[in-house]
Structure formats: C-alpha cells, structure tokens
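Structure provided below as structure tokens; questions to follow.
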Amino acid sequence: MSNSIKLAILGLGTVGTGVINLINDNLDELKRRSGRDIIITEVGTRRQRDDIDSNIMQNSDLMAIAASDNVDIVIEVIGGTTLAKDLIMHAIKNGKHVVTANKALLAEHGNEIFAFAEAHNVHVAYEAAVAGGIPIIKVMREALAANKIDWLAGIINGTGNFIMTEMRDKGRPFADVLSEAQELGYAEADPTFDVEGIDAAHKLALLASIAFGIPLQFDKVYCEGITGITLQDVNYAEELGYRIKHLGFAVRRDGQGNADDAGVELRVHPTLIPQDALLANVNGVKNAVLVNSHPLGQTLYCGDGAGAGATASAVMADVMDLVRVLGSKDNDEQSNSVQNNHGHHVPHLAFIPEQLSDTPILRAEQMITGYYLRVHAYDSPGVLADITRILSDAGINIDAILQKPAHKVGQVPVIILTLPVVESQMNLAIEKIEKLDTITDKVVRIRLDELA
Ligand code: HSE
C-alpha cells in the first residue's frame with residue numbers, strides 16, 4: 001500500500017463539496033494527525049465540474065468508482081435509498097471501507113448493509129448521518145461504552161429547529177423560513193422529510209440501536225412533524241414556562257410490573273419542555289442530544305446539526321478513523337477482520353452483532369408522556385368542571401390549568417398540562433371530552449416532558 005489514502009466521493013452536492021473544501025483547508029492538519037497523505041482520487045458526478053482540481057478524476061460511472069483500484073475509502077453522499085444502496089453494497093463487495101451521511105438508507109437497510117460489511121471485513125462509518133457535526137455516534141459507541149443507557153432525547157433535525165426558532169423569535173411564516181433553510185443547504189432533497197419528522201425518525205432509529213443494542217427498526221418509530229404547530233400553542237406554552245421543541249426520544253420502560261408493557265419507546269414529536277432546560281435553549285440549526293446513562297448520569301452534546309461544514313467535519317472524522325484501520329492492515333493482517341476480532345473494532349451498532357437483543361418496541365398506545373391539551377369550549381357554567389372530571393376519572397393528574405377570556409364570542413380556550421399518563425388512557429379521556437356538548441373543536445394535544 002502506498003503511503004497515501006485514496007478517497008472517492010460519490011455525489012458533489014452540499015456535503016460532497018463541503019468535504020472537498022475541508023480537505024483543501026485542513027490538509028496539513030489531517031496529515032499531522034494521521035501521518036498519511038489523504039487525497040481525493042475520484043469523484044462521481046453526473047456532469048463535469050470545472051471547479052474541481054484537475055488531478056481528481058471526474059466520472060459519471062459511479063459503480064466503476066465504487067470498485068476502482070485507485071480508491072481505499074468510498075464516501076457516499078448522493079443520498080436516497082436505491083442507487084446509494086447499490087453503490088455501497090458494490091463498494092463493500094470490492095473490499096472498500098465506506099463513509100456515508102445517508103441516514104435514510106441506514107435506518108431502512110442498515111441491518112443488511114452492516115451484516116454485509118462484516119462478512120466482507122470492512123467498515124461502514126456513519127457519524128455524519130446523525131446530528132450533523134456533533135460526534136454523537138463516537139460518543140455513544142465508544143465514550144459511553146461502559147454505561148447502561150436508560151433514555152435519550154434529542155433535537156436531531158436542524159431544519160426543523162431553525163424553522164421553530166425563527167417562527168417563535170421573529171414571528172416569520174413557516175414557508176419563508178423553510179426556503180431559507182433550503183438555500184443554506186440544511187434541508188433534505190425532499191423537505192417534507194424535515195418538517196414531517198421523517199428525517200428525525202431515521203436518526204432516532206440509529207441512536208436507539210446504538211443506545212440499547214437493538215436492531216434498526218425505523219418502521220416502528222412513532223413519528224409526528226412540526227407542520228401542525230401554531231404560534232398560539234407556542235405562546236401558551238411560553239406563558240406556562242415551557243417551550244415547544246421537536247424532539248426524538250428513545251426510552252427503556254420496565255413495564256412497571258407488567259411484562260407486556262416492558263420495552264423501548266421510539267418516538268419523534270413536538271414536545272413541551274421546561275424553558276430553563278438546556279435543550280430548550282438550543283436554537284437555530286443547532287442539534288443537541290441529551291443522554292441519561294448509568295452510572296454517568298445526564299450528558300448533553302450540542303452543535304450544528306446540518307450544513308456543509310458540520311457534515312463534512314463528521315465525514316472526515318470517520319475517514320480519519322478508517323485511515324488508522326487501513327494503517328493497521330499493514331502491520332497486522334489479522335486485525336482487519338471485523339467479524340472475528342470484535343476486540344479491535346467498534347461494532348457497527350455498538351454491541352457485537354450476536355448480542356443485539358429482541359427487546360420489543362412499544363406501540364403508541366403504550367407510551368407514557370405528559371400532555372399539553374388545548375380545549376375550546378362554549379363559555380358556560382360547569383365546562384371546566386366537566387373537563388377536569390373526565391381527566392380525574394381517567395386517573396390523569398392535572399399539573400397546570402389556564403383559562404383565557406373568550407377569544408371569540410362565547411368561546412374560551414382552556415389549556416391543561418398533565419403529569420405523565422399512558423397514551424391509551426389519554427385517548428379515551430380526549431374522546432369523552434370531545435363528546436361534551438360544550439366543546440366546540442377537536443382537542444389539540446402536544447406531548448410534554450420534564451426531561452428529569
Ligand atoms: N436535513 C437535515 C437537517 C440535514 O436539517 O437536520 C442533516 O441531517
């Protein structure tokens with residue numbers, strides 16, 4: 001092997017271009033840290049670009065690049081789940097290590113891809129797939145490896161957080177802020193992935209697997225986006241000392257004595273959290289992940305969650321790890337076996353593959369959260385009593401209540417915050433509230449978490 005590490009970049013969008021810029025900017029630092037020259041030998045792009053160094057081969061045949069003898073590490077940043085999957089599988093088959101930022105692909109096909117990589121003794125590294133530039137994969141797989149993780153909660157979509165922040169702080173309209181997020185290179189190719197919570201669900205599936213040692217199960221993540229959040233609810237929440245953030249949660253539940261309710265909650269949704277919580281003050285494109293583990297306790301990781309520089313930083317951190325793996329190949333052929341030498345390599349999903357557990361993922365009705373309810377009722381005697389009676393009959397503990405003067409003739413909004421309750425119980429109570437003659441609209445509900 002020559003002293004140089006040869007990279008191929010498949011896709012020259014925001015992230016691919018960011019990686020090229022990072023290597024150009026920090027070339028010396030990369031060499032001082034790794035002891036190797038890191039060079040881009042090939043890039044996969046549909047149309048020729050004149051702003052690319054003439055030493056780099058531009059090729060529209062991406063499959064050929066994935067198998068090229070002139071490449072040690074393939075960086076996949078084209079996105080999507082079809083061609084990207086074929087390319088990664090082809091690269092693995094040809095003995096290439098892979099670095100990818102493709103959370104959708106890994107969340108949906110990661111079990112298969114990681115098994116294939118292990119069978120071929122190569123790595124698929126994916127730091128850039130979750131929370132942009134925050135090194136959360138490395139932290140959870142390595143730095144927290146001695147801990148038992150009980151739960152995590154994270155702001156894991158930069159576009160969504162940017163939109164919510166701009167709406168709250170500046171009262172800007174949703175569509176206007178989304179366009180700006182697209183211009184800044186934060187948003188997915190299909191921005192509904194950002195605003196409907198799908199991108200966050202992809203990332204949560206990855207985080208949950210490395211937190212609990214369970215296979216990837218994106219299809220079981222409960223998913224709500226931010227499109228239904230109104231300024232009215234943002235303001236009521238603030239009045240009561242809370243802030244609405246779009247969060248992903250992965251929580252272990254012991255079932256409180258009922259084995260059928262033991263398992264893992266995987267959910268992404270808007271959530272009221274206390275205004276003074278650190279997560280409540282993570283704004284703009286920043287992401288943050290709060291991890292509660294034993295014996296360490298709570299730790300918080302924060303940084304830019306999207307954009308060229310942040311994502312390129314994570315991609316190149318993976319490349320630097322792989323440079324060391326490639327280096328060790330020179331010294332010790334045996335140590336390159338991922339499958340047979342768990343001790344030398346961090347497993348793809350943090351736990352050795354044979355030890356992944358079949359802990360069930362809980363259904364939405366089994367999940368336990370607090371709630372913010374907004375109920376609109378005719379202004380008549382006993383309305384509040386009727387609503388609170390239904391909640392108390394369902395064993396739901398009210399934590400705060402706010403009744404506003406009539407905002408339309410004869411109608412009052414009533415805001416109620418509850419302590420944690422099983423979702424099926426809340427569903428029944430809301431059904432009963434909506435049947436009251438005095439109720440004018442559907443009940444608006446947003447989950448609430450004290451993050452304690
Ligand atoms: N669209 C994603 C976000 C990019 O806004 O977080 C980073 O994964």
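Remember, it's 1-based here, ligands and their atoms both numbered in the order they're listed.
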Note to self: List ligand 1 atoms under 4.0 Å from Lys203, heavy atoms only on the residue side.
What the structure shows: 2 (C), 3 (C), 6 (O), 7 (C), 8 (O)

Check: Do other residues, nucleotides or ligands put more than 12 heavy atoms under 6.0 Å from the CG atom of Asp69?
Finding: no

Notebook entry, point to check: Would a line drawn from the ring center of His345 to the ring center of His123 be shorter than 6.0 Å?
Noted result: yes

Notebook entry, point to check: Is the CD atom of Glu450 crowded by more than 12 outside heavy atoms at less than 6.0 Å?
Noted result: yes

Notebook entry, point to check: Which protein heavy atom lies closest to atom 2 (C) of ligand 1, and at what distance to 0.1 Å?
Noted result: Glu188 OE2, 3.1 Å

Check: With only distance considered, is Lys103 within less than 3.5 Å of ligand 1 through an N or O on each side?
Finding: yes

Note to self: Could you check whether Arg267 makes a cation-pi contact with Tyr222, meaning its NZ or CZ is under 6.0 Å from the centre of the six-membered ring and within 45° of the ring axis?
What the structure shows: no

Item checked: Tyr186 and Phe162 aromatic ring geometry - parallel, tilted or perpendicular at 30°/60° bounds -> perpendicular

Check: Which atoms of ligand 1 are found less than 4.0 Å from any heavy atom of Asp194?
Finding: 1 (N), 2 (C), 3 (C), 5 (O)

Next item on the list: Return a yes/no value for Gly158: is any of its N or O atoms, backbone included, closer than 3.5 angstrom to an N or O of ligand 1?
Entry: yes

Margin query: Run the side chain to side chain donor-acceptor pair (under 3.5 Å) test on Asp190 and Thr192 for me, step by step, so that the C-alpha distance in whole Å, both residues' side-chain angles and the decisive distance to 0.1 Å come before the verdict.
Written below: CA-CA 6 Å; Asp190 176 354; Thr192 56; 2.6 Å; yes

Next item on the list: Look at atom 5 (O) of ligand 1 and say which protein heavy atom is nearest, naming residue and atom and giving the distance to 0.1 Å.
Entry: Thr159 OG1, 2.6 Å

Next item on the list: Under 4.0 Å from a heavy atom of Ala187: give me the atoms of ligand 1 that qualify, with their elements.
Entry: 1 (N)

Check: What part of Thr311, side chain from CB on, backbone N/CA/C/O, both or neither, has a heavy atom under 4.0 Å from ligand 1?
Finding: neither

Next item on the list: Check the angle between the aromatic planes of Phe114 and His348 and answer parallel, tilted or perpendicular using the 30° and 60° thresholds.
Entry: parallel

Checklist line | For Gly305, the ligand 1 atoms whose distance to one of its heavy atoms is below 4.0 Å | finding: 6 (O), 7 (C)

